[in-house]
Amino acid sequence: MHGSRLRVAYQGVPGAYSESAAGKAYPNCEAIPCDQFEVAFQAVELLWIADRAVLPIENSLGGSIYRNYDLLLRRRLHIVGEVQLPVHHCLLALPGVRKEYLSRVMSHPQALAQCELTLTRLGLNVTREAFDDTAGAAEHVASKGLRDTAAIASARAAELYGLQVLADGIQDDGSNVTRFVMLAREPIIPRTDRPFKASIVYLRALQGALGLLLPQHLPDQDREPPPPPRRRRQRRHRQALRVYVLHRLPGVHGGDPRPERPRGDPGVHLLPPPSR
Ligand SMILES: O=C(O)C(=O)C[C@]1(C(=O)O)C=C[C@@H](O)C=C1
């Protein structure tokens with residue numbers, strides 16, 4: 001750790017939801033903006049300029065963020081925590097701009113997807129344009145002086161970049177929540193005195209594979225249902241990626257601080273139960 005503050009790398013610029021997730025997981029941390037997830041991973045894994053990376057992996061409206069599961073498999077960081085962040089989107093534009101002037105809306109693809117129905121309901125006849133992160137889109141609209149373009153981002157991004165809020169709470173579902181995981185170089189060593197949560201990622205959807213990985217006594221009710229399989233058009237590898245998240249797995253691979261595993265083997269990550 002650097003000084004007394006934990007350094008947490010996130011993808012995006014200040015005002016991004018990932019920055020808020022970092023602050024929720026580690027109050028008083030030093031949040032380090034990175035322009036890509038790859039860079040955030042490198043900041044922790046290779047450069048050691050950050051102690052943790054934060055990664056969105058699931059949204060209540062959009063489902064699993066498969067691209068980030070792929071990153072988890074390619075990199076050797078360990079999941080050491082998670083937070084669920086309510087995501088409240090705003091439609092932001094330069095001061096004085098009215099909805100009727102808009103011909104384009106920019107944001108992170110997840111944010112655009114989370115607001116799709118509301119944009120139509122607002123009667124906006126706009127093209128959607130993907131940006132690396134929500135706050136980055138807001139910063140772009142402000143710095144380029146774009147009067148025909150709005151950004152979907154947080155109220156904090158509006159404040160930071162001097163934009164006005166044209167519409168508030170524009171996510172299609174009021175209870176829009178994104179789950180983020182926290183990553184570190186070292187894994188958590190599970191103890192047996194309290195429950196731990198494990199995320200298991202494996203590359204092939206082999207029948208019975210999950211049974212091979214799990215202790216016999218795991219009660220069925222402790223299994224979270226797996227997310228729907230990755231749709232065919234979203235596959236970038238030939239294998240189907242399945243992710244199962246399981247609760248109360250005391251002692252799985254306990255004792256080995258850094259298990260060596262060849263690339264492509266099942267990855268097992270352990271994290272403490274969420275604090276309530
Ligand atoms: O662009 C941001 O602000 C992010 O933190 C990324 C991200 C995501 O990847 O899902 C995080 C939360 C919201 O679901 C929308 C975008």
Side-chain angles (χ1 to χ4, degrees), residues 8-26 29-41 43-44 50 52-72 74-75 77 79 81-92 105-119 128-143 149-161 163 165 167-183 227 230 234 236 243:
V8 185
Y10 68 94
Q11 195 249 331
V13 298
Y17 297 103
S18 298
E19 185 199 37
S20 303
K24 186 170 180 184
Y26 304 110
C29 70
E30 182 191 342
I32 302 176
C34 301
D35 51 7
Q36 298 296 332
F37 285 122
E38 280 283 358
V39 179
F41 271 69
V44 179
R52 301 280 187 276
V54 59
L55 186 73
I57 54 163
E58 214 164 59
N59 174 264
S60 52
L61 277 166
S64 299
I65 304 172
Y66 292 115
R67 189 181 167 278
N68 291 347
Y69 283 126
D70 290 346
L71 265 178
L72 275 177
R74 284 213 307 276
R75 295 292 180 172
L77 295 180
I79 300 176
E82 71 169 15
V83 287
Q84 312 225 0
L85 187 80
V87 173
H88 187 91
H89 290 302
C90 303
L91 188 70
L92 309 179
V105 173
M106 303 179 113
S107 198
H108 187 281
Q110 282 284 331
L112 288 169
Q114 290 161 25
C115 303
E116 184 53 43
L117 296 176
T118 314
L119 288 180
R128 279 75 160 152
E129 199 169 305
F131 216 83
D132 284 345
D133 72 287
T134 56
E139 195 271 337
H140 184 76
V141 168
S143 65
T149 306
I152 295 174
S154 62
R156 180 171 138 74
E159 264 175 53
L160 287 173
Y161 303 112
L163 296 177
V165 177
D168 196 354
I170 60 165
Q171 61 280 0
D172 293 342
D173 177 2
S175 52
N176 185 30
V177 174
T178 299
R179 190 159 75 95
F180 294 80
V181 289
M182 309 300 144
L183 307 168
R230 172 187 293 217
Q234 287 175 313
R236 271 183 288 130
V243 178

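The structure displayed is predicted, hence computed values, not measured ones. Counting starts at 1 for both ligands and their atoms, following the listed order.
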Trainee: Residue-level breakdown please: for Ala16 versus ligand 1, do any non-hydrogen atoms fall below 4.0 Å on the side chain, on the backbone, on both, or on neither?
Mentor: both

Trainee: What is the closest protein heavy atom to atom 4 (C) of ligand 1, and at what distance does it sit?
Mentor: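 Among all protein heavy atoms, the one nearest atom 4 (C) of ligand 1 is Ser18 OG, 3.6 Å.
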
Trainee: State whether a side-chain donor-acceptor pair under 3.5 Å links Gln36 with Asp132.
Mentor: yes

Trainee: Determine yes or no for a side-chain-to-main-chain donor-acceptor pair under 3.5 angstrom, with Lys24 supplying the side chain and Gln84 the backbone.
Mentor: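 Checking the backbone N and O of Gln84 against the side chain of Lys24, a donor-acceptor pair under 3.5 Å is found.
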
Trainee: For atom 1 (O) of ligand 1, find the nearest protein heavy atom and state the residue, atom name and distance (0.1 Å precision).
Mentor: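 Among all protein heavy atoms, the one nearest atom 1 (O) of ligand 1 is Thr134 N, 2.8 Å.
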
Trainee: For His140 and Phe131, I'd like to know if the aromatic rings sit close, meaning centre-to-centre distance below 6.0 Å.
Mentor: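 Yes - the distance between ring centres of His140 and Phe131 falls below the 6.0 Å cut-off.
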
Trainee: Tell me whether Thr178 contacts the main-chain N or O of Leu85 through its side chain, where contact means a donor paired with an acceptor under 3.5 Å.
Mentor: no

Trainee: N/O to N/O below 3.5 Å, does that happen between Asp133 and ligand 1?
Mentor: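 No - when backbone and side-chain N and O of Asp133 are compared with those of ligand 1, no distance drops under 3.5 Å.
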
Trainee: Start with the C-alpha distance between Glu38 and Arg74, add both sets of side-chain angles, then the distance that settles salt bridge (charged side-chain N to carboxylate O under 4.0 Å, His left out), and finish with yes or no.
Mentor: CA-CA 10 Å; Glu38 280 283 358; Arg74 284 213 307 276; 2.6 Å; yes

Trainee: Look at atom 11 (C) of ligand 1 and say which protein heavy atom is nearest, naming residue and atom and giving the distance to 0.1 Å.
Mentor: Phe180 CZ, 3.8 Å

Trainee: To check your reading of the model: name the closest protein heavy atom to atom 13 (C) of ligand 1, its residue, and the distance in Å.
Mentor: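 For atom 13 (C) of ligand 1, the nearest protein heavy atom is Thr178 OG1, 3.7 Å.
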
Trainee: Asn176 and side-chain hydrogen bond (donor to acceptor under 3.5 Å, both in side chains): which partner among Gln114, His88, Gln171?
Mentor: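 Looking at Gln114, His88, Gln171, the match for Asn176 under the side-chain hydrogen bond (donor to acceptor under 3.5 Å, both in side chains) is Gln114.
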
Trainee: Does any N or O in the side chain of Asn59 come within less than 3.5 Å of the main-chain N or O of Arg179, such that one atom is a donor and the other an acceptor?
Mentor: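 No, the answer is negative, given that no donor and acceptor are paired below the 3.5 Å cut-off.
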
Trainee: Backbone or side chain, does any N or O of His89 fall under 3.5 Å from an N or O of ligand 1?
Mentor: no

Trainee: Closer than 4.0 Å to some heavy atom of Ile65 - which atoms of ligand 1 meet that?
Mentor: 10 (O)

Trainee: Would you mind finding which of Gln171, Gln110, Gln11 brings a heavy atom closest to atom 15 (C) of ligand 1?
Mentor: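 Minimum heavy-atom distance to atom 15 (C) of ligand 1 goes to Gln110.
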
